[in-house]
Amino acid sequence: MEAPKNYDPQLSESKWYAHWMKKGYFHSEPDEREPYTVVIPPPNVTGVLHMGHMLNNTIQDILVRRARMLGKNACWVPGTDHASIATEAKVVQKLRQEGIKKSDLTREEFLKHAFEWKEKHGGIILEQLKKLGASCDWERTSFTMDEKYSESVIDVFIDLYKKGKIYRGVRMVNWDPEALTALSDEEVLHKEVNSKLFYVRYKIAETDDQWLTIATTRPETILGDSAICINPEDPRFIHLHGKNAIVPLSNRTIPIITDEYVDMEFGTGCLKVTPAHDTNDYELGKKHQLETIDIFNANGTLNQFGLHYEGMDRFAVRQAIEKELHDKGYLVKTEDHINKIGFSERTNAVIEPRLSLQWFVSMKELAQPALENVMNGNIQFHPEKFKNTYKHWMDNIKDWCISRQLWWGHQIPAWYFGEGSEDYVVCKTREEAIALATAKSGRNITISDLKQDDDVLDTWFSSWLWPISVFDGLTAPGNNDIKYYYPTNDLVTAPEIMFFWVARMIIAGYEYLGDLPFKNVYYTGIVRDKLGRKMSKSLGNSPDPIELIEKYGADGVRMGILISSPAGNDLPFDSSQCEQGRNFANKIWNAYRLVSSWEVQEFEQPKSSVIGVEWFKSKLNKELNTINDLYDKFRISEALMTTYKLVWDDFCAWYLEIIKPGYQQPIDPKTLAETKAFFEALLKIIHPFMPFISEELWHSLKNREEGNDIIVSRWPEIETCDEVILRSFEKTENIITQIRNFRKQNNIASKVKIELFIKTNEETYDGSMDPIILKMGNLSQIEQISEKLNNSSSFMEGLNEYFIPFGEHIDIESEKKKINEELNHLKGFLKSVQAKLSNEKFVSSAPEQVVNMERKKEKDANDKIALLSEKLSSLN
RNA sequence: GGGAGAUUAGCUCAGCUGGUUUAGAGCACCUGCCUUACAAGCAGGGGGUCGGGGGUUCGAAUCCCUCAUCUCCCA
């Protein structure tokens, strides 16, 4: 049965994916081959596929498939991340819809709900990746809360604690009043916001009517003020040194202190100090031993220190207090002001700096090898510019707050046996805890005396072990997998999580295995919509990837998303790009239809086919070489573009047209065999980008033995490439284009045969390409002549002149115009060349080669101008 | 406020260890074609002086300075 005109992706995709799965091609076990390992950036377990995943996983699949074809033992480990805060937020929300409050549940009950949710929604994203064609080793699917995995997380906590790298302490942390947890610095997004600057006056103590004015963006925190601070150098406020001030509304007396920290230029030069609610104020408070008055509850409402505002939300209080300050004469004025405010990455709540007791990892020392090995190139970033960002962060690395006041995650293995700040032990089990606590306290501790820390660990405290723990590298050290697959090869991820994840994996890699976790990091860009906005669920501007796949085919979408996406660049995505991908698939499909339609008959290979084959062999090798090089440089989208042009332009538009027999004519066996061999090689090159159609046609092209699938075929080897024939063919293309141009300008149908005469002025002309020109130009003959041919249209290629005899309706004027345009161009060119050559300094100081080149340009241009001028005069 | 990067055809990007022809590609666009592989196609074509200014050099999109605009990271 004849193949349909258009390629239908639906028919091949599920078929071949199932076939690959059945054959176990994605599964990897250690063997004697060279390993090629990629670990997926684990998506949130309850997430759904978005365009960012599509880009990211397409790139990984391309790398993995190519490595497999290069004969490596390719292993792509998939999995999901428990994403503690994001998942917990979703579960809490879902429970709320059912009328259940988290606070009404015990930890165990809540976790039961969470696991149910995970069972129901977890892993949808992995199923979606299969639609994309991702060749992950699904037998190795990991989850950051798997038993072994969790064990390794806890082990690492204990180990770092024992090494003194983890400590517990009261610090100013980023508090998310909505999720009711602390966040790491990296989880806070700073945004510019229009706000107001409030000028509030404070009475100076023991005076009747002396005041000072402060400027603040947060008037509600007045109730937590512990001091007023001025710059000691500020001449305006010398009289305030050593005095006290009265806090409005609460009427507390607070000291006026001096510190260089205060910017005399900003606001009024008087700063109110609220150590409990601002990071800088906290530092000031510590320095000057100020009282710390925390006026907020955990959820952002005011507590008893908030006086009559107790129980109200912080933002409501800001409005109310503005009014009260105004009514009571404390508010001097307000001004519009733009400042940066921190928002929770997950809940988008305004972050409240809050003093609390948390666990921290001390990072400075741990970070050293991770910094060095990126800077010295042991780990390579693509593009390299991200090294700068990385270095900047690593040089200024801060301690990492790892405790989260959540339940979904790895519960911190600390056991408390008393109220004292040191009354705890860190260990794996309750039994160990009893023994340790007994020893530490010097009294007999029983189970009922022990309470495990309620908090869980930051999600990234488990993700940073990903390349190690998916291979059980910590719980079963030195096992075959970890020995074989680690270090992994390439990591493909977004620059946004360079600090969250990439940097910390590198740190963990060196700390725990003494080796890098991966050799290359490929940073993808952010997928944006046409308007340049980041694609997000809340904006609703992200197309559903699954719908795209249904519409354009997985191959089409893969190509569409990759075609204009160099590493590290944002990708403005428009679904019309997938059309290009779909069209390409269709082009390949039709090339196959053509090749498969030919009848074979025994006869001698036409001269044009002999040359065509010879040329394409060289062309294929040259471009394959380029493609390999681009892969090595991680210039994946350029490798795709090169492949696209090789297939569409060189193979379809040129090669197939050259060897194509006339309508209903047979083809000779030699040409057909060679063409099929080319087609096979091309399908292999296409396969990493478009796995489905390449597998489909691989089987259409030939009956294959069981197990002879393109996915496990060998990547084409580079053979020699004849540069001479390539250059000669380029000229031939020009000649044929000129002939087509002549036809078009003179309205001569492509079916009508025409004659071509050549006057050769170049010695190298050997006529070897004539059979191709004859066929592609649809010529009746090519004849060499030694004199100009009158009454003809002509063009030049190099210095050779080509003549096509005039038909009846040739437009001499347009012929002249054409020649004049070319002359003008050449004269302009010549002028620029001569300008250089007449410059003595150029001739004396430029390298000889360069000067000679310019001389040759000058000669060529002159020769050509002479020939064209002559031609022009012959037309007159 | 500190740091990094970018600015090349309508769009997305190459080119940037300075010199192989007065800048390349894909898409989009324009013109003509339903020429029996493909109109999801074929053939042909137009379009930028490389963000502005200054400098170094025999020579700059490519190096330096400066201004402008944008993006990202950090505080």
Side-chain angles (χ1 to χ4, degrees), chain A residues 2-7 185-186 188 190 263 279-280 340 342 383 385-393 395-396 398 495-496 498-499 525-526 528 530 532 552 556 560 563-566 568-574 576-577 579-598 635 637-638 640-642 644-645 648-649 652-653 656-657 660 662-664 736-745 747 749-751 778 825-833 835-847 849-854 856-858 860-861 864:
Chain A
E2 205 185 315
K5 244 165 97 167
N6 288 339
Y7 170 62
D185 292 339
E186 289 68 41
V188 179
H190 296 270
D263 179 357
T279 318
N280 296 317
K340 286 214 168 173
K385 65 176 179 184
F386 287 113
K387 271 168 89 166
N388 293 331
T389 319
Y390 180 83
K391 180 173 192 301
H392 190 251
W393 190 75
D395 280 341
N396 297 292
K398 306 244 168 49
E496 299 167 293
M498 188 193 297
F499 307 128
I526 295 165
R528 298 179 180 278
K530 259 173 144 177
Y552 299 104
I563 192 70
S564 61
S565 173
N569 272 40
D570 284 1
L571 168 69
F573 180 80
D574 186 71
S576 67
Q577 283 164 243
E579 266 176 47
Q580 195 185 352
R582 179 199 59 182
N583 295 354
F584 186 44
N586 198 234
K587 186 73 188 177
I588 302 165
W589 176 256
N590 276 290
Y592 161 71
R593 285 214 309 145
L594 178 67
V595 171
S596 68
S597 72
W598 294 326
R635 302 176 71 148
S637 60
E638 284 176 67
L640 171 58
M641 182 56 77
T642 307
Y644 178 77
K645 288 194 280 191
W648 197 305
D649 298 340
C652 293
L656 287 180
E657 292 299 332
K660 183 167 145 184
Y663 181 51
Q664 292 193 329
I736 293 164
T737 299
Q738 298 269 27
I739 295 169
R740 286 170 175 165
N741 222 332
F742 168 81
R743 283 180 186 276
K744 170 133 177 157
Q745 275 166 8
N747 248 323
S750 52
K751 281 180 204 160
N778 196 24
H825 176 262
L826 275 170
K827 282 177 183 163
F829 173 64
L830 183 65
K831 212 174 134 190
S832 77
V833 173
K836 280 189 210 171
L837 286 171
S838 61
N839 183 336
E840 257 177 63
K841 281 188 176 169
F842 170 73
V843 179
S844 58
S845 44
Q849 243 186 331
V850 175
V851 177
N852 286 341
M853 185 111 57
E854 293 301 315
K856 182 170 185 309
K857 283 190 210 168
E858 184 189 30
D860 287 356
K864 217 161 167 178

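Small disclaimer: the values here were computed from a predicted structure and weren't measured. Hydrogens, waters and symmetry mates play no part in the numbers below; they use all other heavy atoms, side chains included. Labels below follow one simple rule: chain letters A, B, ... track the order of the sequence lines, proteins then strands, and each chain is numbered from 1.
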Base, sugar-phosphate alone, or nothing: which one does [X] contact when heavy atoms must sit under 4.0 Å apart?
| X | value |
| --- | --- |
| A:Phe386 | nothing |
| A:Asp574 | nothing |
| A:Glu858 | nothing |
| A:Pro847 | base |
| A:Phe499 | sugar-phosphate |
| A:Asp860 | nothing |
| A:Arg582 | base |
| A:Ser597 | nothing |
| A:Arg743 | nothing |
| A:Thr737 | sugar-phosphate |
| A:Asn6 | base |
| A:Lys340 | base |

Which of the following nucleotides, [options], is nearest to the side chain of [X]?
| X | options | value |
| --- | --- | --- |
| A:Ser750 | B:rC58, B:rU35, B:rA4 | B:rU35 |
| A:Gln580 | B:rA37, B:rC27, B:rA43 | B:rC27 |
| A:Glu638 | B:rA14, B:rG19, B:rA37 | B:rA14 |
| A:Lys660 | B:rU21, B:rG19, B:rA37 | B:rA37 |
| A:Asn583 | B:rC58, B:rG41, B:rC73 | B:rG41 |
| A:Lys645 | B:rA25, B:rA75, B:rG2 | B:rA25 |

Report the distance from atom [atom1] of [X] to atom [atom2] of [N], rounded to the nearest whole Å.
| X | N | atom1 | atom2 | answer |
| --- | --- | --- | --- | --- |
| A:Lys856 | B:rU20 | NZ | P | 14 Å |
| A:Asn778 | B:rG44 | CG | P | 15 Å |
| A:Trp648 | B:rC27 | CH2 | C1' | 11 Å |
| A:Arg593 | B:rA40 | CZ | P | 13 Å |
| A:Lys398 | B:rG2 | NZ | P | 17 Å |
| A:Met853 | B:rC58 | CE | C1' | 16 Å |
| A:Leu571 | B:rG26 | CG | C1' | 14 Å |

Could you tell me if the side chain of [Y] sits less than 4.5 Å from the side chain of [X], heavy atoms only?
| X | Y | result |
| --- | --- | --- |
| A:Phe386 | A:Tyr390 | no |
| A:Val850 | A:Met853 | no |
| A:Glu854 | A:Phe842 | yes |
| A:Leu830 | A:Glu858 | yes |
| A:Leu594 | A:Asn590 | no |

A:Asp395/A:Lys391 salt bridge by N-O under 4.0 Å criterion: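 Salt bridge present between A:Lys391 and A:Asp395.
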
No-H, no-angle donor-acceptor pair, [X] side chain to [N] base, under 3.5 Å:
| X | N | answer |
| --- | --- | --- |
| A:Lys587 | B:rC38 | yes |
| A:Glu579 | B:rA28 | no |
| A:Lys744 | B:rU31 | yes |

Closest-nucleotide mapping onto RNA chain B: is A:Lys827 or A:Tyr7 further toward the 5' terminus? I mean the 5' end.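 Counting from the 5' end, the first nearest nucleotide belongs to A:Lys827.
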
Which residue lies more 5' along RNA chain B, comparing A:Asn741 with A:Val843 via nearest heavy atoms: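 Its nearest nucleotide being more 5', the pick is A:Asn741.
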
Between B:rC16 and B:rA61, how far is it from one C1' atom to the other, in whole Å?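 Between the two C1' atoms, the distance is 7 Å.
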
Is the side chain of A:Trp598 donor-acceptor paired with the backbone N or O of A:Lys660 at a distance under 3.5 Å, no angle test?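 Here the side-chain-to-backbone pair does not exist.
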
